[in-house]
Each structure stands twice: as structure tokens, then as C-alpha cells.
Amino acid sequence: MAERITPRSTDHSQWYLDVIREAGLADYGPVRGTMVIRPYGYAIWERIQQGLDGMFKATGHQNAYFPMFIPMSFLEKEKQHVEGFAPELAVVTIGGGKTLEEPLVVRPTSETIINHMFSTWIQSYRDLPLLINQWCNVVRWELRTRPFLRTLEFLWQEGHTAHATAEEAQEETLRMLEVYRSFAHDEAAVPVVAGRKTEREKFAGADASYTIEALLGDGKALQSGTSHNLGQNFARAFHTQYLDTNNTLQHVWQTSWGLSTRFIGAIILTHGDDSGLRLPPRLAPIQVVIVPIYRDDAGKAAVMAAVDELRAALGTSVRLHVDDRDERPGFKFTEWEIKGVPLRIEIGPRDVEQGVVTVARRDDGSKTTVPRADLPGRIGALLDAVQDGLYAQASAFVADNTHAADDEASFTAALARGGFVRVLWAGGSEDEAAIQEAHGATIRCLPFEQPDAPGKCFYTGKETSTVALFARAY
RNA sequence: CGGGGCGUGGCGCAGUCCGGUAGCGCGCAGCGUUUGGGACGCUGAGGCCGGAGGUUCGAAUCCUCUCGCCCCGACCA
């Protein structure tokens, strides 16, 4: 049997594409740079949606939906915004066979159209804060695409809020970044570094941008979720104003924050191995798969009786799938490993005879024997163990691939090893641009966790205590 | 936008240099044997060779034009 998944060490990029294909996550669409998310991949997205949506609701947000078509003139109202997005806009110029009066932009993000509506909804300080989230698709005409990581169209959620004060907006910005951080950590078992973006890297139209940055298996960083403090930039452009308690007209203070199907790419690239996908149990569409093993009809009856009993005992406590297809066991083992199912339970004649089941863990490949009657009581702990195992492996990887540098020579050396490079930083945007030109690396963020150990900037030599994380990025 | 690769049954490819009845593996369907780490046998279905022109008695193959996709690099969630 030919190997269907290229080993990571041979060609990491090819490995990534092989896993997506073999695990049935996605297919290429007929148009360059587009992707079809297949049911198994979409099920992961649904898990992500469910988890995040609950967290948004718990923090007081409501879902709504805004149109995909945005008048071109809206984009042009905020200078930084249009400059940032102009190169990657898809624009509709014909509708119903007629050239349109005004071209329509297919939303690359919805700040403008949402402000247009907010400006009509918000009159008074009593209307604030306004906390809205939208689940939708957006389009950015990228040149270089990769499934999940960068496609012309992708799915995401975008939160948009309006507040009475700058302080409230800043609190909201950081609150939602923390939602992303804890989601990545607790649900996806993806370790991330939370921090602030530099001026150069921030969102077009924001006062400040914050990010969670993951470090993926090939040593490159991935911006996995972002939260922006928009200040009053869009409020001024769209006259989004309210009357305060002194009957004075004020511009609102705003935030926006987003997490996309790119996050599925982060999961694949954080946890995957040469056998395929490895999914964190909390996000896995199928947490446990049962593979019955038998030789003949009589054996099958005995095994399936045990399977049915176990299925009934587990009930709805886990997302369970029984693979009763007419295929050989080895085939099924391999297939479910490719799909990254956290736990596989094998039940064969020997297990039935001894009243046990064989449990295989996807995080470490181990196989153990568990009395069948004990399994329902232990399944939760087993899933937690896989979740923890994946997180431990991922965070050890980040630790092993984060290096400090204190001058350009050690910076170059650290970058060559891949991963995050921690430096003291006092440079400006021009310095950052020069470093990107020379080394292909950018500042991923200025981490919130700052050790407060003053020293010299590795690049400019100026005194500073600011730590920056550099990396090559997707 | 630069560099490279590729378009031939559902998928992966050979055939193209050197024109002559379109082939292989996987997958798929049926039957049988199998089943504790990607099984095997037999039978079968399925392709106007990306598209358009041209050369030729004859084009997957040669010529011209064109469309598309993938990978790598610069820009980007």
C-alpha cells in the first residue's frame, strides 16, 4: 500500500495538504484559491462555533447578520481601512445584466456596513454598550492560498461593539482576546502567546490590535485570532454618535474581533503527526470510535452484542461512532488515525471472552486493556488525558522552539532554527521592515507577559525593557 | 506578480521525444474466500486525452493560440 501521507520531515507543506485530503477535511473548489469544506472538516468548525458562541453569549453579545454587499463608497470613508484592503477586494460591477451605478464590494470584513447601521441604532448613552457578533463568510482576493490558512473566501465570526468610553472599549478588546486565548488553550489544546501587534502589523483602521499567536509544527507562527481597539476612527467616518448624560454629542468607542476557519489550520498544524490528524477531544466531532473485530457470523453476533451494550452504557456522555462497515480492522484503524479520533476502542472475540475492551489513544499511540464494565466510568478521564497529552506535547514544542537573541548574529542563528525568537526591542516600523527584508521574519507580537528586565535592543542598541517575539509567519 | 510543475476513466499516473485500434495502479459494482494494524481471487462498469485552430491519409503525441489548477517566493486573517 502506497503511503498516502508524506512524512513531515520530507515535505511539511505536502504533509499538510495530504492530511487535509486523506482526513476528508476539505477539497479544492473549481475557482483558484477556493475550498470546499467537507462534512468532517465542517463538523470541526461547528464545534469551534459552538464553543466560541457560548463564550460570546456569556459575555453579553448577541448574534446578528449584515449584508455581504457593501457600497464601495463605504470602504472609502476610512482612509487607513481602504488603503489596507484595496488590493484584495472582490468587487461586483454587474447585477442582473446591468452595470451598477456604484460598484459593490464583497465584504472583506464588516466594520463599515456595521457602522453604517450602528449610526442609526445608537442615539443615547442608554443604547451603549452595543455588543454584536456575526457568523459569516468574507472574501479577500489573496494571491497565494493554502487550504484553511488562506483562501479567497473563508468563514469566521466578527464581533463589533460600541462603547461610551475609551476605557470600556479597551476592556472589551482585551476581554475578547482572553476569550480566544482561553478557547485555544482549553478547548483546542493549542498553546498561544497573547500580545499586542506593532504599528506596522495592526489592523487597517484600528488604534491598536491584539493577537494570539500559535507556533506550528514547522516552526512558523500563525496569527490565530485578533481583537482590535478601533478607537473612534470608524465612528468619525460614519458619524456613529450618542448623547451623553450632559446632552453632548459624542463619538462611540469601538472594538472588533475575529477568529476564522484558519483556526482549523492551526489545529492541524499544531497537533498533526505523520499518521495524520490528531484532534483535541473537546473539539473532535467523533471522540470515540468503536471498531468491532470478528471472524465469522457467530463471532460477529457476540462482539456486536458487547458493542451494543457498551454503546448503551456510554449513552450520550461522549460523541461516539461505531464503525460496523464491512472492512478489515486494520483498514479502519488506519483510517480513524488519519481522521484524528482521540480514542479508539477495539472489541474482538478475545476481549469479549475476557470481559474487556482494548483502548488506543491517539495522542501517544498507547493501547491498554480496560474491563468493559469500567469503561463508562473512565471514558471522561481518558478523554481528558488525551486532551492534556496533546497540550503538553504542543507546549513542550513551543518551549523547545522559542529562543532568545541579543544581537543580530544570534537573531539570525535563532531564526534559522525556526520558531519564536525573543528579543528586547526598541525599533520602529522602518527597523521592522528592514528586518523583514533581510530575514523574512516579522514581529508576531509584544507579549503581555513582559519580564521587566531592561537591556539593549538587539537591533538598535537602545535601552529598553520591551520584549518582542519575532518569527517567520504564514 | 515572478519562478517551477501539471492538465489522459472518480483519484494517482504511463503513453508525447520517435504520429498508426488509449493503458496501468488504486477506487467503484457483483460473486466467493477473508477479518486483532491499510486482504485476495474472478468477473465487470467507466475515458470524444483541458479547450480552439492548424499540419497530416491518420494527432493524446507535431505546430500556434488559449483556459485552468497545484507548488515555491514577495504581500496578506
Side-chain angles (χ1 to χ4, degrees), chain A residues 1-6 11-14 16-18 21-22 27-35 84-89 108-109 137-158 180 197 200-204 209 211-214 221-228 256-266 275-276 291-297 299-300 303 323-338 344-354 356-358 360 365 367 369 433 436-437 440 442 444 472-474:
Chain A
M1 182 64 65
E3 280 305 321
R4 291 174 180 169
I5 298 179
T6 306
D11 183 343
H12 200 278
S13 178
Q14 191 57 52
Y16 176 72
L17 298 168
D18 289 347
R21 186 188 64 244
E22 292 299 320
D27 244 340
Y28 293 109
V31 174
R32 175 195 72 84
T34 63
M35 166 180 76
F85 280 103
E88 52 191 58
L89 293 179
T109 179
N137 59 341
V138 286
V139 169
R140 298 181 188 179
W141 215 261
E142 303 288 352
L143 297 175
R144 172 107 167 74
T145 59
R146 293 161 70 81
F148 292 112
L149 297 176
R150 184 168 299 104
T151 46
L152 293 198
E153 177 190 8
F154 56 94
L155 305 182
W156 76 345
Q157 56 69 217
E158 47 178 326
Y180 292 151
K197 284 287 184 189
R200 189 159 179 276
E201 295 279 328
K202 77 178 186 190
F203 177 75
S209 287
T211 178
I212 53 170
E213 294 284 327
L222 183 76
Q223 179 173 313
S224 303
T226 48
S227 186
H228 313 292
S256 69
W257 26 275
L259 185 143
S260 73
T261 38
R262 166 182 270 195
F263 198 78
I264 295 173
S275 301
V291 177
I293 299 161
Y294 43 79
R295 289 179 175 278
D296 48 32
D297 285 350
K300 178 175 180 179
V303 165
D323 187 354
D324 57 2
R325 291 176 301 169
D326 185 20
E327 293 285 355
R328 296 164 70 87
F331 174 86
K332 296 179 182 178
F333 294 170
T334 307
E335 184 164 300
W336 293 111
E337 278 166 10
I338 292 172
R344 180 181 70 243
I345 297 174
E346 305 169 14
I347 303 182
R350 293 202 301 268
D351 301 297
V352 172
E353 200 174 301
Q354 297 164 36
V356 300
V357 297
T358 301
K367 273 195 193 188
T369 302
Q436 179 171 10
E437 181 70 25
T442 50
R444 303 318 304 153
R472 296 202 171 99
Y474 275 100

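Order of the sequence lines fixes the chain letters, A, B, ..., with proteins taken first and strands second; residue numbering starts at 1 for each chain.
- Summarising the base pairing, G10(B) is matched to C26(B) through a Watson-Crick or G-U wobble pair whose two defining distances lie under 3.5 Å.
- For Ser260(A), taking side-chain heavy atoms from C-beta onward, the closest of the listed nucleotides A77(B), G37(B), C70(B) is A77(B).
- At the heavy-atom level, Val291(A) lies nowhere under 4.0 Å from the strands shown.
- Looking at heavy-atom distances under 4.0 Å, Gly33(A) makes contact with sugar-phosphate atoms alone, never a base.
- For Glu337(A) against G37(B), a side-chain N or O and a base N or O form a donor-acceptor pair under 3.5 Å.
- Enclosure of atom CZ in Arg295(A) is not indicated, since only 12 or fewer non-hydrogen atoms of other residues, nucleotides or ligands lie within 6.0 angstrom.
- Among the heavy atoms of the strands lying under 4.0 Å from Thr151(A) is at least one base atom, whether or not backbone atoms are also near.
- Counted within 6.0 Å of CG on Asp296(A), heavy atoms from surrounding residues, nucleotides or ligands total more than 12; the atom is thus considered enclosed.
- Side chain of Arg262(A) to main chain of Gln223(A): a donor-acceptor pair is present (N/O by atom type, distance under 3.5 Å, no hydrogens or angles).
- Within 4.0 Å of Glu346(A), counting heavy atoms only, lies at least one base atom of the nucleic acid.
- Between Gln436(A) and C75(B) there is a side-chain polar atom (N or O) within less than 4.0 angstrom of OP1 or OP2.
- A distance cut-off of 5.5 Å between ring centres, combined with a plane angle under 30°, leaves Phe331(A) outside any stacking arrangement with the base of A39(B).
- On the C1' atoms, G5(B) is 40 Å away from C42(B), given to the nearest whole Å.
- Nucleic acid contact class of Thr226(A) (heavy atoms, under 4.0 Å, all strands): none.
- Where Lys332(A) and Tyr28(A) meet RNA chain B, the nucleotide closest to each residue was compared, and Lys332(A) sits on the side nearer the 5' end.
- Between G7(B) and A60(B), the two C1' atoms lie 12 Å apart (nearest whole Å).
- With a 3.5 Å ceiling on both atom-pair distances, U35(B) lacks any Watson-Crick or G-U wobble partner.
- Rounded to whole Å, the distance from CG on Asp326(A) to P on G32(B) is 12 Å.
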Classify every nucleotide of nucleotides 1-7 of chain B by which part a protein heavy atom approaches to under 4.0 Å, writing B for the base, S for the sugar-phosphate alone and - for neither, in 5'-to-3' order.
-------
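- Considering only residues two or more places apart in sequence or on other chains, Phe85(A) meets the ring pair (Phe, Tyr, Trp, His ring centres under 6.0 Å) condition with His81(A), Phe203(A).
- Contacts of Leu17(A) with the nucleic acid, taken as non-hydrogen atoms under 4.0 Å apart, involve only primed sugar atoms and P, OP1 or OP2.
- When the P atom is compared between U33(B) and C49(B), the two are found 43 Å apart, to the nearest whole Å.
- Closest to the Arg262(A) side chain, of the nucleotides A77(B), G36(B), C72(B), is A77(B).
- A cation-pi arrangement is present between Arg344(A) and Phe333(A) under the rule of less than 6.0 angstrom and at most 45 degrees off the ring axis.
- Residue contacts shown for Leu155(A) are absent, as no nucleic acid heavy atom lies under 4.0 Å away.
- Between the Lys197(A) side chain and the His228(A) main chain, no donor and acceptor come within less than 3.5 Å of each other.
- Residue Glu88(A) is in sugar-phosphate contact alone, with no base atom involved, counting any heavy-atom pair closer than 4.0 Å across all strands shown.
- Here Gln14(A) lies out of heavy-atom contact (under 4.0 Å) with every strand.
- Looking at heavy-atom distances under 4.0 Å, Pro87(A) makes no contact with the nucleic acid at all.
- Across G4(B) and C57(B), the matching C1' atoms stand 40 Å from one another, rounded to whole Å.
- Along RNA chain B, the nucleotide closest to Ile293(A) and the one closest to Arg200(A) are compared, and the more 5′ of them pairs with Ile293(A).
- Ile293(A) approaches Glu346(A) most closely through the heavy-atom pair CD1-CB, 4.1 Å.
- Distances shorter than 4.0 Å separate none of the side-chain N or O atoms of Arg344(A) from OP1 or OP2 on G37(B).
- Nucleic acid contact for Gly258(A): none, since no nucleic acid atom lies under 4.0 Å from a heavy atom of the residue.
- Nucleotides C67(B) and G50(B) have their C1' atoms positioned 8 Å apart, rounded to a whole Å.
- Among the protein residues, Ser13(A) comes within range of the sugar-phosphate backbone only, with heavy atoms under 4.0 Å from sugar or phosphate atoms but none that close to a base.
- Listed pair Arg140(A) / C75(B) fails the phosphate criterion, with no side-chain N or O lying under 4.0 Å from OP1 or OP2.
- Arg21(A) has a carboxylate O that lies under 4.0 Å from a charged side-chain N of Asp18(A), or vice versa, which qualifies the two as a salt bridge.
- Applying the 4.0 Å criterion to OP1 and OP2 of C71(B), one finds that Tyr16(A) has every side-chain N and O outside that range.
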Take Thr442(A) and Arg444(A) through the side chain to side chain donor-acceptor pair (under 3.5 Å) test and state the conclusion after the steps.
CA-CA 6 Å; Thr442(A) 50; Arg444(A) 303 318 304 153; 2.7 Å; yes
Taking only distance into account, with no hydrogens and no angle test, what donor-acceptor pairs under 3.5 Å do side-chain atoms of residues 140-147 of chain A form with protein atoms, sequence neighbours excluded?
| unit_1 | atom_1 | unit_2 | atom_2 | d |
| --- | --- | --- | --- | --- |
| Arg140(A) | NE | Pro108(A) | O | 2.8 |
| Arg140(A) | NH2 | Pro108(A) | O | 2.7 |
| Arg146(A) | NH1 | Ser13(A) | OG | 3.3 |

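- Residue contacts shown for Lys367(A) include a base, since a base heavy atom lies under 4.0 Å away.
- Here Arg328(A) reaches the OP1 or OP2 of A39(B): one of its side-chain N or O atoms lies under 4.0 Å away.
- Asp351(A) comes within contact range of at least one nucleobase, with a heavy-atom separation under 4.0 Å.
- Comparing the C1' positions of C40(B) and G23(B) gives an interatomic distance of 24 Å, to the nearest angstrom.
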